[in-house]
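In the text below, chain A, chain B and the rest are named by the order of the sequence lines, each starting its count at 1.
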Amino acid sequence: MDEKYFPEKIETKWQQHWQQTKAFEVTEDDPRPKFYCLEMLPYPSGFLHMGHVRNYSIGDALAWYKRLQGFNVLHPIGWDSFGQPAEQAAIKRGVNPRDWTEENIVHMRGQMQRLGISYDWSREIAAHRPDYYKWDQWFFLKMYERGLAYKKKSPVNWCPNEKTVLSNEQSSGGVCWRCGAEVEKRDLEQWFVRITDYAEQLVEDIKQIESSWPEKVLKRQRDWVGRSEGAFVDFALKDSDQKIRVFTTRIDTIFGATAIVLAAEHPLINELLEDSPLKNQVLTFAEKVKADKAARGRTVDEDEQKEGINTGVLAINPFSGESIPVWVANYVLIEYGTGAVMSVPAHDERDFEFAQKYSLPIRRVIERISHGQESIAHDATSEDQSIAMQHAFTEYGILVNSGNWSGKLSEAAIIEMAKQAEANGFGQAAITYRIRDWGVSRQRFWGAPVPIVYCETCGMVPVPEKDLPVELPERAEFTGSGESPLAGVADFVNTTCPNCGAAARRDTDTMDTFVDSSWYFFRYCDPRNESAAFDPEIAKQWTPVDQYIGGDSHAVMHLIYTRFWTKFMRDLGLVSFDEPVKKLLTQGMVTNRVQGTDEWKAMSKSLGNGVDPDEMIAAFGADAARLFVLFAAPVENELRWSETGIEGAVRFLRRVYTMVWRWNERLANSSTVNAVPEPSAGTRALRRKTHQTIAKVTSDFEDLHLNTIVAALMELFNEVSAVEAEPASATDAEVFAVREALEALVLMLAPFSPHAAEEMWQHLGHPGGLLDSGRWPQADPELAQREELEIPVQVNGKLRSRVLALPEVTEEELRQAALSDEKIRAFIEGHEVVKVIVVPQRLVNVVIR
RNA sequence: GCCGGAGUGGCGAAAUUGGUAUACGCACCAGACUCAAAAUCUGGCGUUCGCAAGGACAUGUCGGUUCGAGUCCGACCUCCGGCACCA
C-alpha cells in the first residue's frame, strides 16, 4: 500500500477486484430487502459526456449508500441502441450501423468502468439485439390484438432533416427533439398506439406519484395530456339536415354565441357549400389557411392575424333558437375538440378579437357578481353591454340575457345546461384531451421492424408469436431518400402470408425507439429470458423502480410513454401496479463557459466547451471527478464546470488519505481499544462531531442532498485534523475517537469516491473490502448531543451576547443567566424590560423599551 | 400572454417548526517552507466606521405580521425553464 494518493493505481486495482468478485451482481435469492436504483439508459453515441457522468455518479452514490445499509441493490445499465445517429453514420460514412453501435458500446462500457460505476454488468441489455427487440414486437402484437395499435392515414410530423416521421411528443414546439429542425406536416399512412385510451389514467394516477416526482415534470405531463371538462353541443343547420358539433368549456355563455367557426380542414365545409354561390371563395380561403399552416409547422406567430370568411350558412342555437352565421377561420384548430367552436366574443379573448375585426355582434351574457349581490333582477339591454366592453370577460359570474337561465351562476349553469342538452338530444357533458395517439412508425432501418405482413387475399396479417423476432437484414442501402431502407431489401420484404401461405410483403417501417425504452427496466429483472419479455414473478421482486434518475428533457416523451406502457402491461396481467417509478430525480445540466464569452452553456462539441471524461479521469482520477460533480451544486441545479473546483476535490481526498495513513499503524496496534476510559474535552468534541455527521449524512441521503453530505464530511475531516495528539503518543481515548471518526468518514465517503474508500478501509485494518466488512455507521443521539450549549442572547432581536448553559437548563435559569450577563446588563440599563422570550436550548430575546 | 421555478459574499452554495445569516468549497490576500516557483501547511476573507473594544448596515425592491423574517403574507422587479390561438 502506498503512502501517497495515486488515484490511477488504486482505481484500477479496485475495479479489477470488483469485477473478479462480481461485487455488484445481485440475485433474487437474497433475504435482504430490495432496492431498485435506476439511471436512464444511454444512447451509444460513442462517448460519455459530463451529463452522463453526473447522472451515473448520483445513481451510484445512492446504490452504494443503500448497499452499505444492507439492501439488495439492483443497479443495472444497458443501451438504447436503436436510433438515428447509427443510421446517419451509415449514410455519411458507409459503415454498418450494427458494427458502429457495437464498437461504441465497447468504448462507452470501458468509460463507465473507468468511472467505477457499480453496475451489475451481468444484466446488461441492448435494444438493437434480436433477443431484446423480439419483445418490442411481441408487445406490438399484443397491442394490435387489443386494438391498441392501428394504422391510419393522417397528417404527421415530418423531420425534413432526418427524413422520418416523429411523434407529437418528439416534435413539441414544432421542432425535432433530436436535431431541432422545424417539422413539416405530411399525409402518410402510419401505425399509431392508442395512448389516448389511457389519457384519463395518465392524469388521474399522478396522484400516486405527486409527492415523489418533481412538480415541473408532473405539470408538463398534465399540460401535455390536456384534460379539459366541458360539453359537446350540436348546432342544427338551417335549410339542411346536417348539424355541427362544437366543444365548449363554457356552455354557460351559449346565449352570447354570435357565430359558429370551423377549422379550415373541417370535413363539413364541402358539404355545406354544395349549392352555395360562395363555394369557391370559401374553399380558396380554406386552402390558403392550410397552406399557411403547413409552411409554419406547429408554431404560431405572435402577431398572426385572425382571418375568416362567412360561409353564408346559418346555424341554430339549440338553447335560444337564434340563427347565427357559420364562418371558417384560421384560429380554430382541427386537432382539438371537434374542429368547430361557438364564437362568444363577449367572453373569449380570441372570439372577441375576431368579432372586432369582422364586426360580429358582441353580446354580454355573464356579469361579475358585485359585492353582496346574489342575483340580477333584470337583464340589461345588449346595446348597453356591448358598448362598454374593451376586453372579453372570461371569468365565471352570473348569467344575464340568457332566457330562463338568467340569474344562474356559471358553475351551476355549466352542469345544468349540459344536462338539458343531453336530455333534449343536442349534446352532452364531455371531457376532451389534448394528447394524440402515439405515432410509432419510422421510415428508418435501424429499429425494430413492425411485425406485420400484407397479403393480397388476407390483407393485414400479424406475424405469429412463434415467428418472432422479425429480424433486421444484415444490410440495406442507405439512400437517404425518405423511404424506409428496408423497402429496398428484397429478402426482407418478400415473405409468405402466415395465414394462407401465399406470397406477401412485410411492413417496411420500424418502430419508434421510445418503444424500446418504455419497458427496458423490466427486462433488467430477467434479462436472458427467452420465452417472455420477463417473468412477472421475478419482476415483481424488483419493481417498481425505487429511484429513477435522469434529465428532465424526457418529461413528456420517455416518462409519459413508460407510464403508459406500464399501465398496458398491467392490463396484460404482467405487473400489478399503475406507476413504474416511485421516486424520480431530474438532475440539472452540466454547463461550461463558452470560450471567449461569459456564457455558460450545456457542454457540446459544436460549442467547443465539452470536457472529455477520460481526460478528466486521467488528470484527477474518477473518485475526485465524481466527488466534485456531486459536491459542486445540488443535484437538480445546473452544474458549472470548474477545473479549480475539481482540484479542490483531489486535495480533500489526498488529505483524508494522508490522515488515514498517519494514524493507520497506531490504530492497527490498538485494535482492542473499545471503551472510552477517560474522555477529554477534545475527544468528546470529536465523537460528538462524528455522530452529528452520521445523523446529518444519513438524513440528507434520503432526500439526495448530496452536496451538503460532502460538506459535512469535510467538516468532520477538519475536526479530525484538529486532534493535536501525535498518533504514537495518543491516549486510548484519543485513538478510539479518531478510529471512530475515520471509519465513519471512510464509510460515508464510499458512495462518492468508492475506490479511495476501499483502499482506506483496508488501511484501517479491514482486509475484506467495504461490502464484506463495512456497514453504514449508526448515529448515537446521546453522543451527538452537546453537553454545553452556547445560547445566543438578543436585545430587541439583535444579537448582543452569548451565555453557556447545560442542555437540561430550565427556562427560568436561562432567563436569569441572560439577564445577569454583563453585556446584556449594559444594554438593559436605563430601560424597562418589557418581556423576556426564552426558547429552550435555542435563544433568549430580551425586549426593552 | 399563461404556467412553473429561482433571486443570499468575487463565485458554486449552506441555514430543523420563523430563533446566532453566509457552514463547506473555489478564488483571492498574508505568512511559513524554498535560491525561486509549484505543491503543502498556518492565518485572514459580506460591506462599512473604529487603533481597539465594539458599532451600523446587509439574503432582488417596497410594505406588512411578529419579541424575532432568508424563511410567513401582499404588491412589484429581474432571471431561468416550459407551453403557446387547446375553445
Side-chain angles (χ1 to χ4, degrees), chain A residues 172-174 214-220 222-224 226-228 230-231 246-251 253 257 261 263 298-302 304-306 329-333 335-344 347-351 353-354 394 432-435 552-553 555-556 588-589 627-628 631-634 636-649 651-652 654-655 658 696 699 705 707-718 721 790-802 823 826 834-848:
Chain A
S172 165
E215 180 51 33
K216 64 177 170 184
V217 172
L218 297 179
K219 184 197 177 298
R220 287 186 61 190
R222 273 191 217 101
D223 287 354
W224 190 260
R227 184 180 193 278
S228 176
V246 304
F247 177 72
T248 176
T249 55
R250 294 298 304 272
I251 194 170
T253 66
V261 187
R298 275 170 68 98
T299 54
V300 176
D301 204 331
E302 183 110 13
E304 168 91 12
Q305 282 289 314
K306 291 193 174 31
N330 62 350
Y331 76 97
V332 177
L333 306 174
E335 308 83 46
Y336 186 76
T338 59
V341 302
M342 62 179 202
S343 176
V344 185
H347 303 292
D348 181 284
E349 287 296 349
R350 296 151 300 177
D351 295 340
E353 192 188 324
F354 188 68
T394 57
T432 60
Y433 301 90
R434 195 185 90 122
I435 193 171
D552 65 4
S553 56
V556 290
M589 276 195 312
L627 186 68
F628 168 70
F631 172 59
E636 64 277 3
N637 280 24
E638 173 188 335
L639 170 64
R640 296 188 165 192
W641 190 250
S642 157
E643 197 92 332
T644 54
I646 192 168
E647 281 166 14
R651 254 195 308 267
F652 173 67
R654 195 183 295 140
R655 281 199 277 246
T658 308
K696 177 178 173 52
S699 111
H705 293 155
N707 57 323
T708 54
I709 292 177
V710 179
L713 296 180
M714 287 171 168
E715 281 187 60
L716 176 57
F717 172 77
N718 291 344
S721 311
E790 199 184 53
I791 307 288
V793 183
Q794 302 177 327
V795 176
N796 286 351
K798 287 194 177 172
L799 179 68
R800 295 303 183 189
S801 185
R802 295 179 171 90
K823 288 179 195 157
V834 181
K835 62 173 152 177
V836 180
I837 284 141
V838 180
V839 184
Q841 305 213 1
R842 281 245 149 206
L843 106 169
V844 179
N845 188 12
V846 182
V847 187
I848 61 172

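Within the 4.5 Å cutoff, the side chain of A:His705 has no heavy atoms near those of the A:Ile709 side chain. In this structure the side chain of A:Asp552 never reaches within 4.5 angstrom of the side chain of A:Glu636, judged on heavy atoms.
Using cut-offs of 30° and 60° on the angle between ring planes, the pair A:Phe354 and A:Tyr331 is tilted.
Taking only side-chain nitrogens and oxygens, A:Arg800 never comes nearer than 4.0 Å to OP1 or OP2 of B:G54. An OP1 or OP2 oxygen of B:A13 is reached within less than 4.0 angstrom by a side-chain nitrogen or oxygen of A:Asn637. Side-chain nitrogen and oxygen atoms of A:Arg655 include none within less than 4.0 Å of the OP1 or OP2 phosphate oxygen of B:U40. Neither OP1 nor OP2 of B:G19 sits under 4.0 Å from any side-chain N or O of A:Asn845.
Contacts of A:Arg842 with the nucleic acid, taken as non-hydrogen atoms under 4.0 Å apart, include base atoms. Nucleic acid contact class of A:Asp351 (heavy atoms, under 4.0 Å, all strands): none.
What separates CG of A:Leu713 from P of B:A14 is a distance of 16 Å, to the nearest Å. In this entry the distance linking CD1 of A:Ile709 with C1' of B:C24 reads 13 Å, nearest Å. For A:Lys798 and B:C67, the NZ to C1' distance is 14 Å, given to the nearest whole Å. Distance CZ (A:Arg222) to P (B:G82): 19 Å, rounded to an integer number of Å. In this structure, CG of A:Leu639 is placed 19 Å from P of B:C80, rounded to the nearest angstrom. A straight line from CG of A:Leu716 to C1' of B:A23 spans 14 Å, rounded to a whole angstrom. Atoms CZ (A:Arg651) and P (B:C41) sit 8 Å apart, rounded to a whole Å. The distance between atom OH of A:Tyr336 and atom P of B:A87, rounded to the nearest whole Å, is 4 Å.
Separation of the P atoms belonging to B:A58 and B:A21 is 13 Å when rounded to the nearest angstrom. Using C1' as the reference atom, B:G10 and B:C2 are 37 Å apart when rounded to the nearest Å.
With hydrogens and angles disregarded, a donor-acceptor distance shorter than 3.5 Å links the side chain of A:Asn330 to the backbone of A:Gln305. The backbone N or O of A:Ile848 lies less than 3.5 Å from a partner atom in the side chain of A:Asn796, making a donor-acceptor pair.
Nucleotide B:A13 forms no Watson-Crick or G-U wobble pair with any nucleotide shown, as no partner meets the under 3.5 Å limit on both distances. Checking B:C83 for Watson-Crick or G-U wobble geometry (two distances, each under 3.5 Å) identifies B:G1 as its partner. Taking a pair to require two hydrogen-bonding distances under 3.5 Å in either a Watson-Crick or a G-U wobble arrangement, B:C33 remains unpaired. When both pairing distances are held under 3.5 Å, B:U71 makes no Watson-Crick or G-U pair with any nucleotide shown. Partner assigned to B:G18 is none, using Watson-Crick or G-U wobble distances below 3.5 angstrom. Judged by Watson-Crick or G-U wobble contacts below 3.5 Å, the nucleotide B:A6 has B:U78 as its partner. Across all strands shown, B:C45 remains unpaired; no Watson-Crick or G-U wobble contact has both distances below 3.5 Å. A 3.5 Å limit on both hydrogen-bonding distances identifies no Watson-Crick or G-U partner for B:U65.
B:G9 takes the syn form, because its glycosidic angle lies no more than 90° either side of 0.
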